[in-house]
Visitor: 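Have a look at this one before I ask anything.
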Amino acid sequence: MIIPNNIKNIVILTGAGISAESGIKTFRDHGGLWENYDIMDVASVEGFNKDPKLVYEFYNARRAQLQKPEISPNAAHLALAELEKKFKGRVTIVTQNVDNLHERAGSHNILHMHGELLKMRCTKSLKVFAITGELNQSTVCPCCKVVGNLRPNIVWFGEVPNGLSEIDQLLRECDLFISIGTSGEVYPAASFVMAAKQSGAHTLEQNLSPTKLSREFDSQFTGSASIEVPRLVKLILSP
Ligand code: APR
């Protein structure tokens with residue numbers, strides 16, 4: 001049985017692999033982001049405090065790339081948006097990605113557990129503001145009206161991801177858990193499949209190749225997300 005009957009609540013965890021075919025680098029694949037940067041230099045509070053300019057530039061470059069005309073949602077993002085639109089039950093995307101490709105594909109029920117590239121945050125008020133251009137030490141904070149208080153609205157290593165209690169509830173209620181394009185290297189996202197199984201959910205993994213978590217899943221859809229995710233969505237919508 002690939003897809004059980006009477007599914008009501010679907011939780012979909014996405015990682016960098018779903019955006020790879022849109023032209024956005026993953027982190028740990030060959031040629032990935034972490035080949036050129038030390039994670040702790042650009043994705044930790046310590047790194048930001050030590051060299052804020054490097055960190056601002058790292059996220060400014062990724063924010064600029066995300067808004068290039070050649071970067072757009074691929075068939076996998078679009079298929080998930082169609083699933084949310086046509087599926088009779090609830091579809092929630094919990095994404096580790098900080099790009100806005102799920103939104104641009106038409107999905108609405110999205111939880112960015114690692115933050116968003118197109119948002120910045122005041123370190124004093126914790127208020128979040130949209131940003132499309134460059135963020136740096138001379139950007140005037142919209143709430144404090146001074147410079148130096150703003151940081152990328154990204155969850156860095158050592159920080160608590162967004163929405164964990166909501167995610168916990170979603171996993172308790174879900175009857176189908178799908179993981180797409182994530183290496184399963186980073187917790188707590190890597191633990192979600194176990195939580196879903198404890199709730200009795202059926203679990204599917206979509207990836208280019210097996211991951212260290214593959215044995216936890218009921219079945220695999222191995223291949224490119226742009227091919228396999230539309231195929232999976234078709235199976236769910238017309239069982
Ligand atoms: N289709 C499906 N899967 C793909 C594709 C593709 N076209 N291309 C790559 N993948 C898979 C790779 O096989 C790999 O398992 O996507 C995964 C990417 O893994 P990572 O680069 O580790 O990205 P991710 O799992 O999202 O990382 C999790 O780590 O660095 C932090 O905060 C960062 O959110 C990120 C988190």
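Read the numbers this way: they start at 1 and go in the same order the structure lists the ligands and their atoms.
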Visitor: For atom 1 (N) of ligand 1, what is the nearest protein heavy atom, given as residue, atom name and distance?
Guide: A225 N, 2.9 Å
Visitor: Starting from atom 28 (C) of ligand 1, find the nearest protein heavy-atom neighbour and note its residue, name and distance.
Guide: Q96 OE1, 3.3 Å
Visitor: Using side-chain contact (heavy atoms from CB on, under 4.5 Å), reason through D168 and L164 one step at a time and then give a plain yes or no.
Guide: CA-CA 6 Å; D168 181 53; L164 290 187; over 6 Å; no
Visitor: Which is closest to atom 32 (O) of ligand 1 in terms of heavy atoms, E21, R28, H114?
Guide: H114
Visitor: Show the atoms of ligand 1 that are less than 4.0 angstrom away from any heavy atom in T26.
Guide: 21 (O)
Visitor: Tell me the protein heavy atom at minimum distance from atom 9 (C) of ligand 1, and give that distance in Å.
Guide: D29 OD2, 3.3 Å
Visitor: Might you work through the side-chain contact (heavy atoms from CB on, under 4.5 Å) test for R90 and E173, ending with a clear yes or no?
Guide: CA-CA 10 Å; R90 184 176 62 183; E173 294 166 359; 2.6 Å; yes
Visitor: Would E228 count as a contact of ligand 1 if the rule is a heavy atom under 4.0 Å away?
Guide: no
Visitor: To which protein heavy atom is atom 4 (C) of ligand 1 closest, and what is the distance rounded to 0.1 Å?
Guide: G17 CA, 3.5 Å
Visitor: Under 4.0 Å from a heavy atom of Q206: give me the atoms of ligand 1 that qualify, with their elements.
Guide: 2 (C)
Visitor: Test of understanding: given a 4.0 Å heavy-atom threshold, classify the contact between W156 and ligand 1 as side chain, backbone, both, or neither.
Guide: neither
Visitor: Look at atom 30 (O) of ligand 1 and say which protein heavy atom is nearest, naming residue and atom and giving the distance to 0.1 Å.
Guide: W34 NE1, 2.8 Å
Visitor: Between Q65 (side chain only) and A61 (backbone N and O only), is there a donor and an acceptor less than 3.5 Å apart?
Guide: no
Visitor: Please check if any side-chain donor atom of S179 sits under 3.5 Å from a side-chain acceptor atom of E205, or the reverse.
Guide: no
Visitor: Under 4.0 Å from a heavy atom of G15: which atoms of ligand 1 are those, numbered in the order shown and with their elements?
Guide: 26 (O)
Visitor: Is there at least one pair of N or O atoms, one from F27 and one from ligand 1, spaced under 3.5 Å apart?
Guide: yes
Visitor: Side chains of E216 and T203: is there a donor and an acceptor less than 3.5 Å apart?
Guide: no
Visitor: Consider only side-chain N and O atoms of T182 and Q96, and report whether a donor and an acceptor are under 3.5 Å apart.
Guide: yes
Visitor: Give the residue, atom name and distance (to 0.1 Å) of the protein heavy atom nearest atom 17 (C) of ligand 1.
Guide: G181 O, 3.5 Å
Visitor: Between S19 and H77, is a side chain to side chain donor-acceptor pair (under 3.5 Å) present by the stated rule, with each step listed?
Guide: CA-CA 8 Å; S19 297; H77 298 104; 3.3 Å; yes
Visitor: Heavy atom under 4.0 Å from ligand 1: found in A20's side chain, backbone, both, or neither?
Guide: side chain
Visitor: So if you build clusters from Ile, Leu, Val, Met, Phe, Trp, Tyr with side-chain heavy-atom gaps below 4.5 Å, do L83 and L78 land together?
Guide: no
Visitor: List the closest protein heavy-atom neighbour of atom 13 (O) of ligand 1: residue, atom name, distance to the nearest 0.1 Å.
Guide: N207 OD1, 2.7 Å
Visitor: Taking N or O atoms only and a 3.5 Å limit, does E185 qualify as a polar contact for ligand 1?
Guide: no
Visitor: Just by distance, no angles: are the side chains of S22 and N74 close enough, under 3.5 Å, to form a donor-acceptor pair?
Guide: yes
Visitor: How far is atom 26 (O) of ligand 1 from the closest protein heavy atom, and which atom is that?
Guide: A16 N, 2.8 Å
Visitor: If you measure from the Lys or Arg side-chain nitrogens to the Asp or Glu carboxylate oxygens, is any gap between E46 and K50 under 4.0 Å?
Guide: no
Visitor: State whether a side-chain donor-acceptor pair under 3.5 Å links E228 with Q206.
Guide: no
Visitor: Considering L208, T182, T95, T211 one by one, which has a heavy atom nearer to atom 24 (P) of ligand 1 than any of the others?
Guide: T182
Visitor: With a 4.0 Å cut-off on heavy atoms, is S224 in contact with ligand 1?
Guide: yes
Visitor: Side chains of S183 and T211: any donor to acceptor distance under 3.5 Å?
Guide: no
